[in-house]
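All values below come from the heavy atoms of this structure, side chains included, with hydrogens, waters and symmetry mates left out.
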Amino acid sequence: MSAQHPPALDQSWQNAWSDAQHRIPSIQAHIAAAPSPHPRITRVGKVDAELLDAELVQLLQDPLTKALSLVDSGFKAQFAPELTLLLHLILYKFSVWDQGASYGAKLQGLKYALPTSAPRFRTAAGLAGSTLALHSALTIFLPYTHNRLRSHALSNAWPDAPSSDRRRKAWELLTRLESIHGFAALLNFLLFLWNGRYRTLADRLLRLRLVSARRHFQRDVSYEFMNRQMVWHAFTEFLLFLLPLINTRAIRRQVATAASRFTLSSILPAPVRSLVGTADPTQSEKKTRRGKYWSFPEDQCAICAENASTNFADPANALTSLAAVSPYTAPSAVFSPDAGDPDQAPQFPVHTPYATSCGHVYCYYCLAERMMRTADDRSGIGPKGKLWECLRCTEGVTAADRVEAEVDGPEYESGVDDEDGDDAMSGMSFEFGSEDAEMTDMSGSMAGSYADSDSGRSSE
C-alpha cells in the first residue's frame, strides 16, 4: 500500500521547483567559470624528480664511458664533460622539449605549467620555445662552461699566479661568482621549502612551475625499485667480501688436474680397454709420473731454474714467479747449452740443501718458500691442497730434512803424528746461524741439523 501525500505538500514542492528553474542556468554558468581546484603537490615529489634525472644520466654515462675507454684509455679524462653534455641534450630534447616534463618528473606525475601569455613559438608540448631554450642554456650549457673553465684554470695554475696577474683576478672573480650562486641557490631552496613553487634558480627566473599532469592524481610511493637496488647492493657487497676468500689458483689447479686425468682409457671399462688396446691409466700414470724438471741435473736446484725461466707473456705467472725468486738466483740467469758439462760450475747450485720426502734436493730457502706458500694458499695437491708438488716427480712433499754432508780431511805424507791435532779438531762443528732454524707444521715437517765436521785434520 503506497503512502498518500497531502495535496498541500505536493503543491509546495511544485512551487519550489518552478521558482528554481530560472536560477539553474546562472548556477551552471558560475560553476563553469570558477577555476578548478589545483591538486596538492608535495615538495618531496619535485625533489625526487630532480634526483631521478641525475640518476638516469649517471646510469647512461657509466657504461658508455667504459665502452669508449676500451677504444681510448684517455677518453674519460679528456671528453667526460662533453659526453655528459651530449647526454643532457638528448634527454632534454626527448623529455622536456617534446613532452613538457623530464623523465623524473613524469615518474612523479608532474609537468611544467603552460605559460599564461601566448608565445610566438610553441614546442610539441605546448610550452614557449624561447623559454625552454633559455632554460636549457641555464641548466645544461652554463654548468658545462663552468666545469670546463674551472678545469682549465686549475690545469694552468691560475690560483698560484701573482695577485696582479689577470689569471689570478679571473680566478678570484670565478670563485666569487660561485659563492654568489651558492648563496642564491640556498635562498631559493629555503623559499621552495616554504611555498613549494620553484625548485631551482632557473625555474624561478623563467617562472616555470611543476604542476600535476592529471587532475585527479594520487601519489603512490612504490618501493620496488628501492628494494631491487638494495638487493643488488647487498649481493655486490657479499661478492666483494667472498671473492678474496676463494683461492682461484687452487681451483684452476684442481680443474686442470681433473681434466688431465679425464682420458679415454679412464672412461672405458677394463674389458673394453683390453680389446681396444688402451693401457691402464693407473699403470701408465705410474710409469710416466715425471715432473717438468725430471731430467734436470741433481746437483742443481730446480726451483731456482723455474724462477729464472719466468714466462713474462703470462702476467699472473710472471708476478707469481717474481715473488718467489730466490735471493741466490742471479737475475740474468738463463739456461746454457753446456749445463751438463762436468767441468763447468753449476748454473743453479743448491744452497743449504734439503731433501724432500720423495728424495729430491732443493735449496732451503726455495723449498721453504714454496711449501709455506702452498700451505697458505692451498694451491697444491693432496688433502685440501696443502702439499707442494715436486718439480721432478710431481709427488706431494710431506716433509723435508737437511742433507748431512760428511767431509773427509786430506791425507798427509809428512808422517808426523797428528793425534793431537785430531783430538783438537774432532769436536769442532760449523753451523750456519739462522739457517739451522727448524720449521714445523708446514704440510709436513722440515727439520734437521746441518753440520760439517772436520775429522783427521792436522797441520804439517
Quick one: are Val350 and Asp299 in side-chain contact, heavy atoms under 4.5 Å?
no

Can any side-chain N or O of Thr131 pair as donor or acceptor with the backbone N or O of Leu127 at less than 3.5 Å?
no

Stepwise, does the side chain to side chain contact (heavy atoms under 4.5 Å, CB included) test hold for Thr356 with Arg392?
CA-CA 11 Å; Thr356 60; Arg392 296 181 182 271; over 6 Å; no

Answer whether the closest heavy-atom distance between the side chains of Cys363 and Pro353 falls below 4.5 Å.
no

Here the gap from Leu83 atom CG to Leu68 atom CG, rounded to the nearest 0.5 Å, amounts to 6.5 Å

If you look at every heavy atom in Ala105 and Leu210, which pair is closest and at what distance?
CB-CD2, 4.4 Å

Say whether, by atom type as modelled, one donor and one acceptor occur between the side chain of Ser357 and the main chain of Thr398 under 3.5 angstrom.
yes

How far apart are the closest heavy atoms of Leu60 and Leu87, and which atoms are they?
C-CD1, 4.1 Å

Okay, side chain of Arg199, backbone of Phe189: is any donor-acceptor separation there less than 3.5 Å?
no

I'd like to know if Arg370 pairs up with Glu306 as an ion pair, taking the criterion as any Lys NZ or Arg NE/NH1/NH2 lying under 4.0 Å from an Asp or Glu carboxylate oxygen.
yes

Whether the side chain of Arg168 engages the backbone of Ala161 through a donor-acceptor N/O pair (distance < 3.5 Å, no angle test) should be reported.
yes

Using ring pair (Phe, Tyr, Trp, His ring centres under 6.0 Å) as the criterion, list what pairs up with His233, not counting sequence neighbours.
none

Note: His360 and Cys393 closest approach over all heavy atoms is CE1-SG, 3.5 Å

Kindly indicate whether the side chain of Leu154, heavy atoms from C-beta on, has any atom under 4.5 Å from the side chain of Pro159.
yes

Are the side chains of Leu387 and Thr374 in contact, using a 4.5 Å heavy-atom criterion?
no

Which atom pair, heavy atoms only, marks the closest approach of Phe296 to Ala305?
CZ-CB, 3.6 Å

Quick one: pull up CZ in Arg43 and CZ in Arg197 and give me the separation to the nearest 0.5 Å.
10.5 Å

Hey, are the side chains of Pro297 and Gln300 touching, using non-hydrogen atoms and a 4.5 Å cut-off?
yes

Under a 4.0 Å threshold between the charged nitrogen and the carboxylate oxygen, would Lys93 count as salt-bridged to Asp98?
yes

Salt bridge (Lys or Arg N to Asp or Glu O under 4.0 Å) partners of Arg150, counting only residues at least two apart:
Glu178

Closest heavy-atom contact between Val96 and Ser102?
CG2-N, 3.7 Å

Does anything in residues 227-238 pair up under salt bridge (Lys or Arg N to Asp or Glu O under 4.0 Å), and if so which pairs, sequence neighbours excluded?
Glu224-Arg228

Taking the ring centre of each residue, are Tyr362 and Trp388 less than 6.0 Å apart?
yes

Starting from the C-alpha separation in whole Å, work towards a yes-or-no answer on side chain to side chain contact (heavy atoms under 4.5 Å, CB included) for Phe141 and Leu85.
CA-CA 7 Å; Phe141 288 100; Leu85 174 65; 4.2 Å; yes

Should we count CD of Glu172 as having more than 12 external heavy atoms under 6.0 Å?
yes

Arg148 atom CZ, neighbour heavy-atom count above 12 within 6.0 Å
yes

Separation between CH2 of Trp97 and OG1 of Thr123, rounded to the nearest 0.5 Å:
6.5 Å

Min side-chain heavy-atom separation Leu56-Leu91 under 4.5 Å:
yes

Tyr103 meets the ring pair (Phe, Tyr, Trp, His ring centres under 6.0 Å) criterion, sequence neighbours left out, with none

Measure the spacing between CG of Leu201 and NE2 of His181 and express it to the nearest 0.5 Å.
5.5 Å

With sequence neighbours excluded, what pairs up with Tyr92 under the ring pair (Phe, Tyr, Trp, His ring centres under 6.0 Å) test?
His135

Answer yes or no: is there a side-chain heavy-atom contact under 4.5 Å between Trp232 and Asn227?
no

Over 60° means perpendicular and under 30° means parallel, so tell me whether His152 and Trp158 are parallel, tilted or perpendicular.
perpendicular

Pair Lys46 + Glu50, salt bridge at N-O below 4.0 Å
no

Kindly compute the distance separating NZ (Lys169) from OG (Ser163), expressed to the nearest 0.5 Å.
8.0 Å

At what distance, to the nearest 0.5 angstrom, does OH of Tyr293 lie from OG1 of Thr394?
14.5 Å

Not counting sequence neighbours, which residues clear ring pair (Phe, Tyr, Trp, His ring centres under 6.0 Å) with His88? List them please.
none

Considering all heavy atoms, the nearest Ala355-Val403 contact:
N-CG2, 3.7 Å

Side chain to side chain donor-acceptor pair (under 3.5 Å) assessment of Thr200 paired with Asp203:
CA-CA 5 Å; Thr200 60; Asp203 294 347; 3.2 Å; yes

Does a side-chain heavy-atom distance below 4.5 Å link Gln99 with Lys106?
yes

